[in-house]
2 protein chains.
Amino acid sequence: MELTERKKQILKVVVEDYIHTAEPVGSKTIAAEMGGSVSSATIRNELADLVEMGYLEQPHTSAGRIPSPKGYRLYVNELMERQKLTIAETERINQALQMKMEELSRVISQAGRAVSSFVNYPAYVAAVGKKNLCASRFDLLSVDEYNCIVVMMMGDNRVKSQLLRLQLKVEAGQMADLVEQLNRHFTAIPADEMNRRLMEMAEEMSPQMFLLLSQTVSYAVDVLEESGRREIITAGTNQILKLPEFRDADKAHELMGFLADDKESLPVPDEGPMKILIGPENVSEALQDTSVVVASYDIGDDMRGLVGVVGPTRMDYAAVAARLTGFAEGLSRLFGKELPPKEDTQT
Amino acid sequence: MELTERKKQILKVVVEDYIHTAEPVGSKTIAAEMGGSVSSATIRNELADLVEMGYLEQPHTSAGRIPSPKGYRLYVNELMERQKLTIAETERINQALQMKMEELSRVISQAGRAVSSFVNYPAYVAAVGKKNLCASRFDLLSVDEYNCIVVMMMGDNRVKSQLLRLQLKVEAGQMADLVEQLNRHFTAIPADEMNRRLMEMAEEMSPQMFLLLSQTVSYAVDVLEESGRREIITAGTNQILKLPEFRDADKAHELMGFLADDKESLPVPDEGPMKILIGPENVSEALQDTSVVVASYDIGDDMRGLVGVVGPTRMDYAAVAARLTGFAEGLSRLFGKELPPKEDTQT
DNA sequence: GTTTAGCACTCCGGGAGATGGAGTGCTAAA
DNA sequence: TTTAGCACTCCATCTCCCGGAGTGCTAAAC
């Protein structure tokens with residue numbers, strides 16, 4: 001059977017109507033919405049074909065039709081009109097992203113909340129950390145004979161520091177030596193190599209020096225590993241409670257539990273700026289009845305962030321996609337401008 | 001009318017039964033639970049008295065009784081037996097708090113999740129930041145002629161640092177001078193005085209120096225203000241969906257919205273280690289039908305943290321109180337041991 | 001005076017029909 | 001190929017009904 005232009009039009013009407021009403025769409029409604037050029041009987045014939053082809057489903061005989069995942073997929077790929085944001089909306093997005101220099105993670109989570117309240121679905125955000133980040137420079141500032149401050153600059157120009165309580169007394173000369181060793185042997189290598197390097201050096205130096213060195217290195221490893229880890233933050237999970245498909249408390253609980261605990265398995269776009277996953281296209285068990293739209297944006301050189309939205313398969317793809325793009329662009333600009341040159345990420 | 005010992009016993013049975021079943025408790029059940037020493041008819045007489053006195057309520061004639069807020073209050077104050085945690089539970093709590101040195105906020109939020117999953121209610125946690133925190137030491141590390149690293153140590157021995165892009169070229173001599181100025185004039189004063197001090201110094205120095213100084217100071221102010229702000233984190237809000245009192249999606253949505261957006265207005269214990277607020281004792285509109293149990297613990301010298309739990313008025317106060325105490329002690333130990341002496345809070 | 005048995009009464013919750021509306025599928029005609 | 005017409009299906013809603021749980025009261029027993 002062929003998918004005629006009219007069939008596509010009908011599918012589009014069904015999808016868009018169902019998105020807004022969450023009720024099966026009947027032939028009469030469709031006929032009216034298509035301008036009355038054809039009768040409802042004709043529509044009915046077409047609908048039967050669309051069901052047979054797998055684009056629509058029927059909850060039961062004598063009910064209207066609802067789109068199947070395959071139907072949504074076709075809609076998203078071909079039928080959906082790319083929505084433009086109004087100037088006011090763009091304005092609002094940028095305003096929501098207007099924030100002072102703060103901890104990266106806080107900026108991210110605030111963005112998540114903004115996205116969620118914008119699209120009225122749960123949102124998730126993440127900064128995908130740089131893998132294999134290296135230290136680029138070490139400093140030690142003496143506080144007293146048992147305490148010093150480690151300062152470590154990393155490849156992405158972020159700086160981290162901490163007060164270190166030394167396990168033994170240390171003199172100025174040793175300190176300088178230590179810094180020298182650190183900068184010579186422990187810069188420009190990834191965290192997982194640091195421990196190996198440290199072991200190699202064990203024999204060549206005094207036990208005291210080694211102790212101090214290993215204390216510092218272990219701090220460096222911690223920090224680098226922490227920045228490599230990517231953390232996903234969810235926001236606005238309670239939005240789903242407004243949706244008719246989650247009236248059932250158990251269903252809502254399941255999804256919310258997933259969003260709270262298993263967020264690591266939320267989809268990340270592999271390439272391309274945007275990805276849409278519909279119902280069973282998701283791998284996670286808990287997302288089989290939901291759709292996910294996720295956009296990515298650039299942060300630093302080879303770092304990427306992402307903003308995503310989780311909703312029912314009946315989600316307003318066009319609106320969500322447009323807004324998500326707006327946010328991704330805004331965040332890209334925010335990080336592109338503020339982070340590298342002047343207000344670098346904070347310690 | 002007098003509140004006899006037997007009335008109290010009956011009240012206790014009603015509260016504890018209702019806590020576990022969420023169903024009105026009938027006279028027969030009570031009689032059975034009290035060992036059959038009195039008949040249900042006697043209990044009925046007593047129940048009528050308790051209703052009249054305001055300790056119990058009746059959803060409608062010919063239904064069992066449920067405790068009123070006043071009833072819960074009496075229960076919490078007098079009747080509740082202080083529960084002891086088993087060794088296994090204490091073990092589990094300490095295990096849940098076993099974490100590597102990480103960002104303070106992350107430790108806190110992880111603790112929140114642990115608490116929530118322990119008691120099966122939403123939890124909230126916060127570190128109440130030190131007000132009027134001051135810088136205790138500044139350092140500047142030159143990177144190149146346009147960039148340097150600011151390192152600031154604070155009164156609580158935490159260290160923060162950041163790469164600073166200078167607005168003009170700077171020489172080694174100036175840098176030393178700058179550090180000297182910073183350490184002389186901007187340590188041991190709170191953030192809100194820094195700007196004033198800066199203004200006073202404007203005239204006494206060259207415009208170039210002033211520019212550099214103000215850049216550094218503004219960083220310091222940002223950091224100090226940020227640490228003073230207290231942030232409350234909620235976890236496990238979806239737990240409420242399991243409770244029969246929140247089967248209604250609207251109710252659940254309202255409370256979850258509150259926990260997500262207005263968490264700042266969640267109660268903080270003013271003094272004493274633990275506080276219990278029952279139903280209308282809460283100020284927040286959204287908490288009128290819920291109870292809050294909150295415990296506090298010490299962090300540093302004059303810093304306090306808190307862990308709290310939000311649940312239905314029918315919450316298992318004894319169990320929650322015991323576990324919360326356990327967590328508070330664990331966190332107290334965690335911070336008391338790890339933070340000040342050795343693994344100080346991270347930059 | 002307090003406790004208990006007995007009994008009529010109330011109220012809720014849930015199941016069984018009954019009803020009507022929305023929508024379909026099919027047939028036959030245009 | 002499209003359309004009008006019609007019988008049919010299925011769901012949602014409403015009402016009604018009934019049983020069970022629990023009460024309040026009264027009168028007798030302790």
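Residue numbers begin at 1 in each chain, while the letters A, B, ... track the order of the sequences. No hydrogens, no waters, no symmetry mates; every other heavy atom, side chains included, goes into these values.
Residue A:Gln58 has no polar side-chain atom (N or O) positioned under 4.0 Å from OP1 or OP2 of D:dC10. The phosphate of D:dT3 (OP1 or OP2) has a side-chain N or O of A:Thr42 nearer than 4.0 angstrom.
Going from atom CD1 of B:Ile10 over to atom P of D:dT23 covers 12 Å, rounded to whole Å. One atom, CZ of A:Arg65, and another, P of D:dT9, lie 17 Å apart when rounded to the nearest Å. In this structure, A:Leu50 places its CG atom 12 Å from P of C:dT24, rounding to the nearest Å. Between the CG atom of B:Leu47 and the P atom of C:dT3 there is a distance of 14 Å, rounded to whole Å.
Under 4.0 Å is where a charged nitrogen must lie from a carboxylate oxygen, and between A:Lys251 and A:Glu245 no such pair does. The existence of a salt bridge linking B:Glu81 and B:Lys12 is confirmed by a sub-4.0 Å separation between a basic side-chain nitrogen and an acidic carboxylate oxygen.
With hydrogens and angles left out, the side chain of B:Arg44 and the base of C:dG6 share a donor-acceptor pair within 3.5 Å. For a distance-only test at 3.5 Å, the side chain of B:Ser62 qualifies as a donor-acceptor partner of the base of C:dT10.
Counting any heavy atom pair closer than 4.0 Å across all strands shown, B:Ala41 reaches a base atom. A:Ser27 comes within 4.0 angstrom of sugar-phosphate atoms only, judged by non-hydrogen atoms across all strands, and of no base.
Side-chain proximity of A:Ser39 to D:dC11, D:dA4, C:dT4: nearest is D:dA4.
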